[in-house]
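Data block below; observations after.
These values consider heavy atoms only, across backbone and side chains, with no hydrogens, waters or symmetry-generated copies. Small disclaimer: the values here were computed from a predicted structure and weren't measured. Convention: sequence-line order gives letters A, B, ...; per-chain numbering from 1.
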There are 2 protein chains.
Amino acid sequence: MPSKLPPLSSLRVFEAAARHGSFTRASKELGMTQAAVSYQMKILEERVGTPLFLRKPRQVSLTETGERIAPVVTEAFELLRAAFVMAEDASHNLLSITTVTTFATNFLAERLGNFQILHDDLAVRLDTSMSVVDFSREDFDLGIRSGDGQWQGAETHLLIPAKFSPMLSPDLAQSVGGIKKPSDLLKLPLVDASDPWWKLWFDSMGVQSEGLRGNKRSRMGIQMLEARAAEAGQGVAILTPDFYRDSLKRGSLIQPFDDVCHDEGRGYWLVYPKARRNMPKIKKFRDWLLNEVKEHCN
Amino acid sequence: MPSKLPPLSSLRVFEAAARHGSFTRASKELGMTQAAVSYQMKILEERVGTPLFLRKPRQVSLTETGERIAPVVTEAFELLRAAFVMAEDASHNLLSITTVTTFATNFLAERLGNFQILHDDLAVRLDTSMSVVDFSREDFDLGIRSGDGQWQGAETHLLIPAKFSPMLSPDLAQSVGGIKKPSDLLKLPLVDASDPWWKLWFDSMGVQSEGLRGNKRSRMGIQMLEARAAEAGQGVAILTPDFYRDSLKRGSLIQPFDDVCHDEGRGYWLVYPKARRNMPKIKKFRDWLLNEVKEHCN
DNA sequence: CATAATACATAAAATCTCCTTATGTATAGT
DNA sequence: ACTATACATAAGGAGATTTTATGTATTATG
């Protein structure tokens with residue numbers, strides 16, 4: 001439908017030449033030679049079918065037609081420039097992160113304020129969702145995901161290894177006279193008995209745990225739900241202690257055993273596209289986050 | 001000052017792709033392959049520093065940033081398209097002519113109305129000036145000039161040969177008892193004795209005309225002034241009869257001798273740039289004018 | 001459920017645009 | 001007259017853009 005436009009490069013040149021009333025000055029602005037400007041204007045005039053400049057002795061001036069279109073072309077280019085300044089600005093100053101709920105709730109939420117203060121030029125958009133990150137399909141700069149760190153094309157940093165240990169509410173522990181040895185836990189309901197971590201943990205403690213099949217994939221991403229259930233006294237959950245420092249300190253959860261299992265290789269990872277690893281906003285967040293993790297989780 | 005824009009070709013592609021929400025459809029509109037669109041969008045995204053499209057299974061959709069700039073880019077391109085429609089329109093439908101005064105007054109003025117009626121899609125701008133036509137320096141489609149038809153780079157058509165014969169007002173003729181033979185004219189003042197045509201004409205009539213030097217260049221372009229002087233009875237002028245049919249018919253001028261001299265090669269010419277000889281508006285005017293001349297000046 | 005069809009990505013090669021260099025012309029200033 | 005300025009033009013080449021060919025993922029279909 002839209003009628004054919006002249007070569008766009010010639011329009012850019014026209015815009016500058018019209019603004020300066022001079023091919024030479026336009027060429028300087030555009031960082032090209034005067035010959036190139038002359039050439040482009042010839043192209044454009046041929047295309048439009050009518051001269052746009054009058055060649056006076058030592059200067060050029062616009063013809064009637066040129067005079068008519070020049071301001072419109074200038075306006076159009078200003079729109080474009082404005083649009084891309086906006087875009088680049090957004091690209092530099094808007095940081096959007098997608099993270100698994102657990103990490104957002106138990107780690108990021110309470111610390112993000114710090115980051116914002118540190119980098120008040122960055123606006124942060126935080127999205128919590130569990131789905132796999134695919135940066136080519138979703139509009140995020142960085143993601144935090146649980147897994148084994150194998151995401152192709154992505155730069156990854158292990159934030160928190162998948163360590164785990166049982167936790168429960170003090171009341172629940174009291175209800176069976178306290179938890180003295182691992183097998184005491186089996187007297188209580190497990191929040192999610194199918195979580196493979198249970199078997200791993202009991203195995204490592206040398207406790208026979210028939211019936212714990214561990215046939216499900218780990219659901220680290222939604223640990224948080226299990227944690228809430230445990231806090232509410234509904235059962236024992238197997239959780240990552242690093243995330244529940246606060247609850248443990250407050251006493252809303254207790255960790256009966258210091259023994260922490262480690263699901264080697266798995267954990268919470270920071271992920272972002274390799275190609276964008278050098279963007280300032282990405283560096284800023286990465287550096288900040290890695291430092292927070294280091295400081296906070298021994 | 002203006003910040004650098006991304007490659008313009010990629011913008012054109014982006015505009016179409018955003019509008020269609022599809023690389024394939026955009027490629028069809030732009031008359032290129034889908035691969036080319038994909039490539040251009042990659043370029044643009046690299047340049048802007050952020051993705052503009054999300055690659056979904058069998059479609060693409062704009063990212064937040066893409067969404068933000070798309071309407072602006074579309075608007076800019078619409079401005080450009082509008083500007084060039086205007087320009088092309090003007091280029092097609094505005095005919096500007098520069099002509100020597102004599103020809104305008106004595107020939108064109110009374111006939112141009114006809115042309116306008118015949119081609120009411122063309123707006124005619126008529127400029128009368130004597131200066132030499134240089135289409136690269138002045139904004140005209142066609143020129144009518146007197147001379148020998150030697151204008152380089154120009155297409156030329158002889159309209160009216162430089163024929164000439166003395167003319168004067170009837171009263172003036174009466175004042176010397178009428179003009180019977182050429183030498184009678186010498187009893188009267190010549191409007192411009194230095195006009196070389198005088199010598200040519202007297203010579204051709206076999207009349208000795210000492211004192212008529214003819215050292216000036218012909219000033220055909222301003223014959224009209226001499227004609228007015230002659231009509232006012234101020235002297236005898238040497239004029240091109242074709243231009244003064246009306247005055248002769250009205251009787252405000254008389255041409256005492258049918259003998260008409262011919263300054264071979266010289267005359268009134270229609271001139272226009274060779275490069276533009278095929279423009280419809282130029283053809284229309286040329287054909288009309290040549291026909292008018294043929295019909296009117298035997 | 002296998003197959004075909006659709007939409008986009010990517011690599012390599014061909015093409016073509018655009019720019020530069022070099023030079024020429026005309027004009028204004030000294 | 002001479003120099004400097006501004007634009008035009010031609011030739012050559014670097015680089016950008018496009019196409020061709022192929023791959024991948026997803027949806028639709030028999």
Q) Tell me, for nucleotides 24-30 of chain C in 5' to 3' order, what letter each nucleotide earns: B for a base near a protein heavy atom under 4.0 Å, S for only sugar-phosphate near one, - for neither? A) --SBB--
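Taking every side-chain heavy atom of B/Gln34 into account, C/dC8 is the closest of D/dA21, C/dC8, D/dT9. Closest to the side chain of A/Ala35, out of C/dA11, D/dC7, C/dT20, is C/dT20.
A salt bridge (charged side-chain N to carboxylate O under 4.0 Å, His left out) check over residues 47-66 of chain B, counting only residues at least two apart or in different chains, returns the pairs A/Glu88-B/Arg47, A/Arg125-B/Glu64, B/Glu45-B/Arg55, B/Glu64-B/Arg68. For residues 49-98 of chain B, the ring pair (Phe, Tyr, Trp, His ring centres under 6.0 Å) pairs, not counting sequence neighbours, are B/Phe14-B/Phe53, B/Phe23-B/Phe53.
Here the straight-line distance linking atom CG of B/Leu8 with atom CG of A/Leu11 works out to 8.0 Å at 0.5 Å rounding. Expressed to the nearest 0.5 Å, how far CG of B/Leu225 lies from OG1 of B/Thr102 amounts to 7.0 Å.
Scanning residues 36-44 of chain A for heavy-atom distances under 4.0 Å to DNA chain C yields A/Ala36, A/Tyr39, A/Gln40.
In the displayed structure, B/Lys284 atom NZ is contacted under 6.0 Å by more than 12 heavy atoms of other residues, nucleotides or ligands.
Contact between the side-chain N/O atoms of B/Ser9 and the OP1/OP2 oxygens of D/dT17 is found at a separation under 4.0 Å. Look at B/Arg55 and you won't find any side-chain N or O under 4.0 angstrom from OP1 or OP2 of C/dA7. For C/dC8, one of the phosphate oxygens OP1 or OP2 lies less than 4.0 angstrom from a side-chain nitrogen or oxygen of B/Thr24.
Under the 4.0 Å criterion applied to side-chain N and carboxylate O atoms, A/Arg276 and A/Glu155 are not assigned as salt-bridge partners.
For B/Asp127, the salt bridge (charged side-chain N to carboxylate O under 4.0 Å, His left out) test picks out no residue, with sequence neighbours left out.
The two residues B/Leu142 and B/Phe285 make their nearest non-hydrogen contact at CD1-CD2, 3.6 Å. For the residue pair A/Phe103 and A/Thr99, the shortest heavy atom distance occurs at CB-OG1, 3.6 Å.
In the helix from C/dC1-D/dG30 to C/dT30-D/dA1, the terminal helix axes, each the rotation mapping four pairs' C1' atoms onto the next four within five end pairs, subtend 30°, rounded to 10°.
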